[in-house]
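Okay, structure first, notes after.
Just so it is clear, the model here is predicted, and its values are computed rather than measured.
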Amino acid sequence: METLRSVKVGQTVSVVKLHGEGAVKRRIMDMGITKGTEVYVRKVAPLGDPVEVTVRGYELTLRKADAEMIEVQ
């Protein structure tokens with residue numbers, strides 16, 4: 001299983017599934033990250049946290065813990 005956390009800068013991936021519970025999962029979905037969405041990884045901070053991505057035409061910054069909940073292909 002590959003997560004958004006392990007994707008290299010400059011790659012575009014597609015969301016397969018969201019893991020996680022309740023409020024956290026809901027918040028990720030509210031940001032536009034849903035099954036089938038294309039996600040482009042723009043930048044990763046030097047220590048790996050946070051990750052900056054482009055989703056549905058806007059920039060979004062995710063914490064490492066949140067990025068690990070997003071299964072991609």
(request) Only counting residues at least two apart or in another chain, list the ones meeting side-chain contact (heavy atoms from CB on, under 4.5 Å) with Glu52. (result) Arg42, Lys43, Glu59, Thr61
(request) Using atom types as modelled and distance alone, determine if a side-chain donor or acceptor of Arg5 lies under 3.5 Å from a backbone N or O of Ala67. (result) no
(request) Using side chain to side chain donor-acceptor pair (under 3.5 Å) as the criterion, list what pairs up with Thr3, not counting sequence neighbours. (result) none
(message) Taking side chain to side chain donor-acceptor pair (under 3.5 Å) as the definition, give me every residue that meets it alongside Arg26, ordered by chain and number, with sequence neighbours left out.
(response) Asp30
Name every donor-acceptor pair, under 3.5 Å, that has one atom in a side chain of residues 11-23 and the other anywhere in the protein, sequence neighbours excluded.
| residue | atom | partner | partner atom | Å |
| --- | --- | --- | --- | --- |
| Gln11 | OE1 | Lys8 | N | 2.9 |
| His19 | NE2 | Glu71 | OE1 | 2.8 |

(message) Run the side-chain contact (heavy atoms from CB on, under 4.5 Å) test against Arg27 and tell me which residues pass, sequence neighbours left out.
(response) Val24, Met31, Arg63, Asp66
(request) Taking all heavy atoms of Leu4 and all of Val72, pick out the closest pair and write down the distance. (result) N-CG2, 4.0 Å
(message) Would a single hydrophobic cluster contain both Ile33 and Tyr40, if residues Ile, Leu, Val, Met, Phe, Trp and Tyr are joined by side-chain heavy-atom contacts under 4.5 Å?
(response) no
(message) Nearest 0.5 angstrom please: Met29 CE to Thr37 OG1, how far?
(response) 9.5 Å
